[in-house]
Amino acid sequence: MTTTPESRRGKGAIVQDPDLPPVAVPEAELERESRWNLPKIILWAAIALLGAVAWTMLAIVRGETVNAIWFVFAAVCTYLIGYRFYSKVIERYITRPDDRRATPAEIREDGKDYVPTDRRVLYGHHFAAIAGAGPLVGPVLAAQMGFLPGTIWIIIGVVLAGAVQDYTVLFFSMRRGGRSIGQMARDVLGKVGGTAAIIASLLIMVIIIAILALVVVNALGESPWGVFSVSMTLPIALFMGLYLRFLRPGRITEVSLIGFVLLIAAIAGGGAVAGTEWGQAMFHLDRSVIAWGIIVYGFIAAILPVWLLLAPRDYLSTFMKIGVIVMLAGAIVLVRPEITVPAFTDFAFTGLGPVFSGPMFPFLFVTIACGALSGFHALISSGTTPKLIEKERQTRFIGYGGMLMESFVAIMALVAAISIDQGIYYAMNSSAAATQGTVEGAVAFVNSLGLTGVNLTPEMLTSTAQSVGEESIVSRTGGAPTLALGLAHIMHQIGGGTAMMGFWYHFAIMFEALFILTAVDAGTRVARFMLQDSIGAWIPKFREISWRPGVWICTAIMVAGWGYILILGVTDPLGGINTFFPLFGIANQLLAAIALAVVFAIVAKRGRSYVRWLWIIGVPLAFAAVVTITASMYKIFSPVPAIGYWANNAKYRAAQAAGDGSLGAPEVVEAVIRNTSVQGTLSIIFVVLTIVVIVVAVGSAINSIRRGLTEDGEDAAVASRRFAPAGFLATRAEREIEGQWEAHDAANGVIRNPAGH
């Protein structure tokens with residue numbers, strides 16, 4: 001925890017109140033804790049050795065099958081090493097946190113948006129907000145290319161890129177009062193770069209939230225069990241918010257256990273309700289109805305106080321998310337399923353797979369998206385989370401650590417997808433246009449692909465659907481149903497047999513819907529903050545985030561934007577997720593490039609001692625820029641209709657002009673023309689804005705380095721008057737300081753309640 005004069009230039013020394021216990025662990029104690037001893041050396045040598053063996057088994061020693069256990073070991077060992085060593089380098093040389101400084105949550109505490117929040121609860125809130133559909137959908141779709149390329153990018157990419165972005169954006173936003181990435185861009189890059197970043201961020205946010213919602217719609221469509229269980233999570237979350245706020249403040253463990261019991265009851269009850277006539281009538285909903293329900297939900301959730309629905313539901317869902325992923329990892333270790341999917345499939349090289357089209361470079365990276373690097377996270381890291389951070393050193397645990405957990409979700413999703421029969425995988429993830437939405441059509445289509453070892457039969461599809469309590473699993477695109485089936489396939493082998501398949505399948509569907517809805521409502525809230533600030537440049541009243549008319553107007557605008565794209569996706573005849581997800585992935589990665597570009601410029605301005613470490617930001621920025629700009633060029637200029645938006649648009653326009661009905665009914669052709677026009681136009685806008693931001697950011701950084709400027713642009717330092725540990729578990733020194741604070745508070749009659757919400 002090094003504090004240099006450069007990091008506090010012009011702010012003056014931080015003077016702590018002498019009547020208070022320490023607000024930070026002394027530097028000498030931090031140095032003592034970081035020293036190496038023999039037990040530590042043995043532990044980390046063992047972790048490194050196990051990780052090396054696992055990677056060897058996956059990447060080099062490959063037979064006809066590979067045991068899924070090696071995916072778990074490779075991921076966990078790499079994450080541990082990355083967190084212990086690489087994130088520490090970032091903390092020491094780039095962010096340089098100082099717990100003597102008060103955070104915005106402490107300075108501006110208002111009980112609504114700025115609330116000092118217990119680090120464990122905030123980790124849950126942050127993880128729930130960032131972990132939407134991306135880590136579930138992207139890896140499942142990327143399984144089309146084989147298991148190895150996705151595994152490498154998900155695990156290595158998160159350590160060197162994704163977690164770096166999340167951590168640094170969170171820290172620098174916190175140092176600037178919780179400003180959004182668009183606001184920071186405007187401050188750092190000036191009018192041109194800042195305006196481009198704000199417009200790009202808002203438009204990309206619309207696409208991202210729409211696709212997240214589309215995954216929920218596809219998972220719950222015509223599934224009364226799933227609709228009932230997910231619907232019940234809303235009153236459960238409201239109850240938890242009220243319970244923590246008024247009935248039993250601070251009783252986090254207590255309310256978590258109550259919420260968990262209620263969730264299990266909702267899942268079990270969903271099966272019973274779905275078996276009744278009234279349950280079928282009430283909860284067997286068309287996808288369009290569900291879409292409109294999510295649009296209404298998104299508006300209401302984004303304007304409610306954060307403690308009432310957003311934070312408690314996020315915490316509850318995180319409790320479930322992390323629990324399920326750890327449970328799945330444990331089940332994989334016990335069951336040790338053999339993976340028959342090859343390391344690389346032919347689709348990785350031809351680029352013409354049935355799930356999505358495009359060559360491995362760059363489309364593997366933009367398809368996996370959130371599992372390794374996600375621009376959406378930059379919006380959360382500069383949206384709600386920096387306004388809730390209690391102490392500066394907690395940013396590494398929440399920012400870097402939260403992203404590692406999301407990557408682990410992505411690896412588990414990939415393993416679940418490749419653990420089921422390949423024929424069933426392609427039947428579930430190919431569009432209805434390819435399978436005709438029927439068992440017979442799916443069998444004919446999948447068997448026509450000529451895949452080695454794949455011989456799909458109608459009985460395989462019907463029996464699988466029956467075992468999980470669904471009418472059909474054909475063309476259940478979006479990744480969520482595939483992950484649910486994979487989880488059920490693995491978990492039923494632990495106990496209960498095939499009779500438990502239905503429970504585990506719908507348990508996973510509810511778990512995934514919780515995952516995604518938290519990102520929908522948090523994303524809408526962040527988008528509202530950004531839009532309020534942007535309009536506030538002309539109408540200052542809008543910058544008051546508590547001004548109700550401004551809140552409602554901006555929320556309505558953003559919900560209308562992503563709601564329109566959601567309806568387009570639901571009604572898309574080519575399968576909304578199949579055609580819109582590439583745009584989602586590209587837009588998401590372009591936003592990541594924008595976020596990294598802003599951080600690059602910020603670090604360059606902090607002073608000469610930071611410049612030598614600028615490569616930590618520059619490497620992922622360069623990679624993200626090359627990948628996303630290349631992918632955008634493919635989607636804009638490719639003459640192959642399956643890849644290029646405008647090529648596909650021209651194909652359907654020609655058919656429409658010639659009266660050719662071979663591509664579908666007139667309304668189908670019209671829908672494809674409309675959707676490809678929207679997608680192609682947005683692709684051009686996104687890539688142009690991103691290039692502008694990157695060029696301006698790099699130019700700003702070069703100018704700062706040449707002129708030796710030291711402009712941190714941070715808010716003035718204010719002395720903190722509270723203490724909290726930095727990580728999940730308090731160290732010995734932190735426990736001692738906590739004891740001093742407890743004694744001080746008891747002597748002075750002070751009751752502290754770091755928000756459990």
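- Contact check for Ile535 versus Cys554: side-chain heavy atoms found under the 4.5 Å cut-off.
- Put simply, the side chain of Gln679 does not reach to within 4.5 Å of the side chain of Ile636, judged on heavy atoms.
- Of the possible polar contacts, none joining the Arg393 side chain to the Glu91 backbone as a donor-acceptor pair under 3.5 Å is found.
- Put simply, CZ on Phe723 and CZ on Arg100 are 14.0 Å apart, with the number rounded to the nearest 0.5 Å.
- Scanning for ring-ring contact (aromatic ring centres under 6.0 Å, His included) contacts around Phe239 gives Tyr243, with sequence neighbours left out.
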Should Glu390 and Arg119 be marked as a salt bridge (Lys or Arg N to Asp or Glu O under 4.0 Å) after you check the CA-CA gap, both sets of side-chain angles, and the distance that decides it? CA-CA 7 Å; Glu390 198 174 6; Arg119 67 199 183 282; 6.0 Å; no

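- Using a 4.0 Å cut-off between a side-chain N of Lys or Arg and a carboxylate O of Asp or Glu, Arg179 and Asp715 qualify as a salt bridge.
- Residues forming a side chain to side chain contact (heavy atoms under 4.5 Å, CB included) with Asn703 (at least two apart in sequence, or on another chain): Arg707, Leu709.
- For Glu254, the salt bridge (charged side-chain N to carboxylate O under 4.0 Å, His left out) partners are Arg248, not counting sequence neighbours.
- Remark: Ser534 engages Ile198, Leu202 in a side chain to side chain contact (heavy atoms under 4.5 Å, CB included) (not counting sequence neighbours).
- The shortest side-chain heavy-atom distance between Val23 and Arg721 does not fall under the 4.5 Å cut-off.
- Here the side chain of Asp99 pairs a donor or acceptor atom with the backbone of Glu392 at under 3.5 angstrom.
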Dump the intermediate steps for side-chain contact (heavy atoms from CB on, under 4.5 Å) on Ser173 and Ile181, then the final yes or no. CA-CA 7 Å; Ser173 174; Ile181 192 68; over 6 Å; no

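- Note that CZ of Arg287 is 12.0 Å distant from CG of Leu285, once rounded to the nearest 0.5 Å.
- Put simply, the residue from Ile565, Leu212, Val678 that forms a side chain to side chain contact (heavy atoms under 4.5 Å, CB included) with Ile207 is Ile565.
- Inter-residue side-chain proximity for Val409 and Phe127 is flagged as met; some heavy-atom pair is nearer than 4.5 Å.
- Taking OG1 of Thr384 as the start and OH of Tyr114 as the end, the distance is 11.5 Å to the nearest 0.5 Å.
- Taking 4.5 Å as the limit, some side-chain heavy atom of Ile209 sits within range of a side-chain heavy atom of Thr524.
- Contact of the Ile294 side chain with the Trp562 side chain is registered, since non-hydrogen atoms from C-beta on lie closer than 4.5 Å.
- Partner of Phe686 under the side chain to side chain contact (heavy atoms under 4.5 Å, CB included) criterion, out of Ile691, Ile199, Leu583: Leu583 alone.
- In this structure, the side chain to side chain contact (heavy atoms under 4.5 Å, CB included) partners of Ile557, at least two apart in sequence or on a different chain, are Leu531, Ile553.
- The distance from the CD1 atom of Ile130 to the OG1 atom of Thr385 is 8.0 Å, given to the nearest 0.5 Å.
- Within the 3.5 Å criterion, the main-chain N or O of Val115 finds a donor-acceptor partner in the side chain of Thr117.
- Scanning for salt bridge (charged side-chain N to carboxylate O under 4.0 Å, His left out) contacts around Asp286 gives an empty result, with sequence neighbours left out.
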Before you tell me yes or no, could you show the steps for Gln394 and Met174 under side-chain contact (heavy atoms from CB on, under 4.5 Å), namely the whole-Å CA-CA distance, both residues' side-chain angles and the distance that decides it to 0.1 Å? CA-CA 11 Å; Gln394 295 173 353; Met174 176 201 65; over 6 Å; no

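- Taking the side chain as every heavy atom from C-beta outward, Tyr400 and Leu170 never approach each other to under 4.5 Å.
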Passes side-chain contact (heavy atoms from CB on, under 4.5 Å), Ser683 versus Val687? Steps please. CA-CA 6 Å; Ser683 292; Val687 74; over 6 Å; no

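- Listed by first and then second residue, the ring pair (Phe, Tyr, Trp, His ring centres under 6.0 Å) pairs that reach into residues 517-546 are Phe542-Trp547, sequence neighbours excluded.
- Annotation: side chain to side chain donor-acceptor pair (under 3.5 Å) contacts of Lys387 (sequence neighbours excluded): none.
- Here the straight-line distance linking atom CZ of Phe397 with atom CG of Leu404 works out to 11.0 Å at 0.5 Å rounding.
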Test salt bridge (Lys or Arg N to Asp or Glu O under 4.0 Å) on Lys605 and Asp187 and set out the steps. CA-CA 12 Å; Lys605 288 177 180 291; Asp187 295 340; over 6 Å; no

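- Under the salt bridge (charged side-chain N to carboxylate O under 4.0 Å, His left out) criterion, the residue pairs touching residues 528-538 are Arg186-Asp533, Asp533-Arg543, with sequence neighbours excluded.
- Within the structure, the side-chain hydrogen bond (donor to acceptor under 3.5 Å, both in side chains) test picks out the following pairs touching residues 161-170 (sequence neighbours left out): Thr95-Tyr167, Asp166-His377.
- Every side chain to side chain contact (heavy atoms under 4.5 Å, CB included) that Ile303 has, sequence neighbours left out, goes to Phe299, Val551, Trp552, Thr555.
- The line from CD1 of Ile389 to OG1 of Thr395 is 6.0 Å long, rounded to the nearest 0.5 Å.
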Show, in sequence, the C-alpha distance, side-chain angles and deciding distance for Glu106 and Arg101, and conclude whether the salt bridge (Lys or Arg N to Asp or Glu O under 4.0 Å) test is met. CA-CA 10 Å; Glu106 181 180 349; Arg101 294 178 61 137; over 6 Å; no

From CA spacing to verdict: side-chain contact (heavy atoms from CB on, under 4.5 Å), Leu247, Leu242: CA-CA 7 Å; Leu247 299 180; Leu242 294 170; 5.9 Å; no

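- With sequence neighbours left out, Glu406 forms a salt bridge (charged side-chain N to carboxylate O under 4.0 Å, His left out) with no residue at all.
- When all heavy atoms of Asn588 and Ile204 are compared, the pair lying nearest together is N-CG2, 4.3 Å.
- Judged purely by distance below 3.5 Å, without hydrogens or angles, the side chains of Lys391 and Ser720 pair a donor atom with an acceptor atom.
- Residues Leu621 and Val599 are not in side-chain contact: their nearest non-hydrogen atoms beyond the backbone lie 4.5 Å or more apart.
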